[in-house]
Amino acid sequence: MNAAFTHKPAPDRPPPRISVGAVGWMRDNLFSSWMNTALTIVAVYILITLIPPFVQWALLDANWGGRDRSICDANKDGACWTFIKVRFLQIMFGLYYGANPDQVWRPVLAFALLIALAIPLFVESFPYKRYVSIGLLVVFPFVGYGLIHGQWFGLPVAETSQWGGFMLTFVLASVGIVCALPIGILLALGRRSNMPLVRTLSVSYIEFWRGTPLITILFMASVMLPLFFPAEVDFDKVARAMIGIALFQSAYTAEAIRGGLQAMPRGQFEGADAMGLKYWQSMRLIILPQALKISIPGIVNSFIELFKDTSLVAIIGLLDLLNMAQTASRSIEWKGYDIEAYLFAALLFWICCYGMSRYSQALERKLDTGHKH
Amino acid sequence: MTTLRADAVNQAPNQDPRSLIIEMKQVNKWFGEFHALKDIDLSVEPGERIVICGPSGSGKSTMIRCINRLEEHQKGDIIVDGIELTADVKHIDNVRREVGMVFQHFNLFPHLTVMENCTLALIWVRRMPKKDAEEAAMKYLERVKIPEQAQKYPGQLSGGQQQRVAIARSLCMNPKVMLFDEPTSALDPEMIKEVLDVMIELAEEGMTMLCVTHEMGFAKTVANRVMFMDGGEIVEQNKPDEFFTNPQYDRTKLFLSQILQH
Ligand SMILES: Nc1ncnc2c1ncn2[C@@H]1O[C@H](COP(=O)(O)OP(=O)(O)O)[C@@H](O)[C@H]1O
Ligand SMILES: [Mg+2]
């Protein structure tokens with residue numbers, strides 16, 4: 001056979017050595033240029049100076065044992081987790097449950113119920129989602145309130161003013177989120193309505209609440225509201241905070257959703273109209289599922305902000321996670337251990353916010369049907 | 001400007017207005033100051049296949065979108081299947097049940113599967129049980145030759161397939177009239193034929209169709225009337241062979257010479 005007609009592919013050459021393995025990766029990503037190399041060195045230096053001492057303090061030398069500060073005072077080089085351990089119930093559940101550990105099963109049970117009801121909603125194949133949702137949104141609030149507040153079923157009363165800590169943060173944020181979503185959807189639709197009155201009302205509402213800082217709203221709710229009502233009407237502080245937060249949050253949610261609505265191409269509205277769907281049908285079935293999907297990052301972002309902003313309820317004398325941790329660290333028994341208190345609060349905040357953020361990313365991936373408008 | 005009245009070229013001698021499926025009388029529409037439709041008169045009998053052509057911006061889309069009230073006309077009457085289009089939402093809904101529309105950009109719902117796209121209106125507008133709706137939808141998906149794509153999302157299909165789904169979606173409602181607004185102009189050339197084939201089949205089965213399109217081959221094959229619009233007016237309309245061989249107006253001649261060059 002003539003050699004000219006036989007094509008012999010050249011044998012594969014090995015990849016260039018520097019692009020494989022850990023060394024290759026480091027060369028590509030950490031030392032690709034002089035600038036990059038310098039930044040890498042600075043970063044490594046900072047990490048080396050910060051992390052080992054922190055680990056030493058927070059873990060290796062830390063104090064875990066005992067029930068009072070004597071053990072921590074004896075070893076000032078380590079963190080005093082004894083303090084967190086002793087005041088754990090107070091930081092998690094507030095003053096009443098901190099002082100009545102035998103009653104702590106009540107909020108724990110409420111929380112467990114909440115989780116038990118919520119989990120099926122995230123299971124794709126679960127058939128009774130509708131009933132569970134009703135249970136969660138309509139029945140659970142009463143059961144949860146009954147458990148945590150007491151009075152019904154002869155449970156000792158835990159006044160809402162004695163609620164606090166992580167529990168209060170969680171309750172305020174979830175009520176805010178759950179109320180803000182439907183109100184926000186209505187406001188966002190109202191803002192784009194053809195009816196001038198509806199549109200004006202929605203815009204005024206949104207702009208009013210967006211233009212006012214949450215701290216002002218809470219302050220007003222606490223100081224101003226009572227002025228408008230007769231002295232006998234004793235508005236619950238927590239309820240006031242909930243209403244203020246929900247109204248405030250709904251304006252932000254509305255704006256996040258409006259962004260999603262605006263990103264919807266006109267063709268989707270026309271497609272729905274041409275099929276004879278009514279306004280609410282086309283919103284519910286066509287427009288909102290897509291607009292909400294687009295808005296997920298914005299909505300979750302505002303939820304995360306809200307979760308952290310609940311600390312502002314300190315202005316009306318409520319002690320959320322952060323303020324409760326701070327309060328505990330200022331008690332006579334534990335004076336001086338505020339770093340531990342702040343770190344613990346930060347860790348809980350971080351877990352919740354990071355969880356929300358990851359969940360939103362997973363949701364976006366799940367809802368992706370491969371379509372780009 | 002005088003226009004040839006539609007009845008002048010209607011093949012059927014029947015002039016009884018009650019037998020008309022669409023009747024537009026002296027319809028005018030403005031977008032703000034801009035006069036988009038000028039004294040449109042149009043009568044369509046059941047079973048007619050009308051192709052509408054004309055330069056871009058001449059008001060073709062606006063005219064057919066008035067028929068299912070995606071655009072609101074300000075003057076004149078539009079009567080579809082005996083129902084007058086007014087601001088009355090009930091009338092609008094009733095007309096939309098009878099009129100299917102296929103858009104240039106398909107307007108499928110990307111978050112729903114092909115099957116769900118097709119059954120949506122059956123379930124929510126016709127109140128049909130889901131199972132029956134799926135059966136009906138499957139029948140039409142078979143007719144447009146993509147039953148095997150039923151569980152996919154529109155984003156996973158080619159343009160031609162998406163447009164065929166859009167046609168099936170409209171057909172599911174069993175409409176009396178189908179409106180097509182440039183159904184092939186967003187498609188890659190190799191996909192145009194598969195969509196036109198479906199439309200030709202539909203025409204052969206006797207569907208009443210109004211198609212805005214510049215596919216003149218399609219017009220010659222299926223249309224019984226071709227209509228030329230310019231500047232918001234129906235300039236001229238005629239049977240296809242007359243229309244193409246013997247256009248009456250310079251504007252038509254110019255347009256045809258431009259479009260037939262390709
Ligand atoms: N929503 C609208 N607002 C303002 N002007 C419009 C609107 N829709 C269409 N027009 C104008 O009306 C004219 C006719 O448009 P259209 O019916 O889409 O033309 P065609 O479909 O023949 O290309 C064009 O000049 C267009 O700019
Ligand atoms: Mg057009």
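Below, chain A is the first sequence line, B the second, and so on; all start at residue 1. Just the heavy atoms: all of them, side chains too, but no hydrogens, waters or symmetry mates, feed the values below.
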Heavy-atom distances under 4.5 Å only: say whether [X] touches chain A with side chain, backbone, both or neither.
{"X": "B:R126", "answer": "neither"}
{"X": "B:V95", "answer": "neither"}
{"X": "B:F103", "answer": "side chain"}

**OP:** Look only at the side chain of B:H111 and the backbone of A:D368, and say whether a donor-acceptor pair between them is shorter than 3.5 Å.
**Re:**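 No, the answer is negative, given that no donor and acceptor are paired below the 3.5 Å cut-off.
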Original post:
Hey, does the side chain of B:N68 reach the backbone of A:A274 with a donor-acceptor pair shorter than 3.5 angstrom?
Top reply: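 Answer holds: no.
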Original post:
Got a second to check how far B:N107's CG is from A:D273's CG, nearest 0.5 Å?
Top reply: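 Answer rounded to 0.5 Å: 10.5 Å.
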Subject >> Value rounded to 0.5 Å, distance of CD1 in A:I287 from CZ in B:F109 >> reply: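 If we round to the nearest 0.5 Å, A:I287:CD1 and B:F109:CZ are 7.5 Å apart.
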Counting only heavy atoms from other residues, nucleotides and ligands, does the tally under 6.0 Å from [atom1] of [X] exceed 12?
{"X": "B:K75", "atom1": "NZ", "answer": "no"}
{"X": "B:F31", "atom1": "CZ", "answer": "yes"}
{"X": "A:N29", "atom1": "CG", "answer": "yes"}

**OP:** Heavy-atom pairs under 4.5 Å with chain A are the metric here; pick the option from B:R169, B:K152, B:R69, B:M173 that has the most.
**Re:**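 The answer is B:R169.
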**OP:** Select one option (side chain, backbone, both, neither) describing which atoms of A:Q281 are under 4.5 Å from chain B's heavy atoms.
**Re:**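 It is the side chain, since no backbone atom gets that close.
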Would you mind reporting whether [Y] and [X] have side-chain heavy atoms less than 4.5 Å apart?
{"X": "A:L277", "Y": "B:L120", "answer": "yes"}
{"X": "B:P110", "Y": "A:Q268", "answer": "yes"}
{"X": "A:E270", "Y": "B:R65", "answer": "yes"}
{"X": "A:M275", "Y": "B:V125", "answer": "no"}

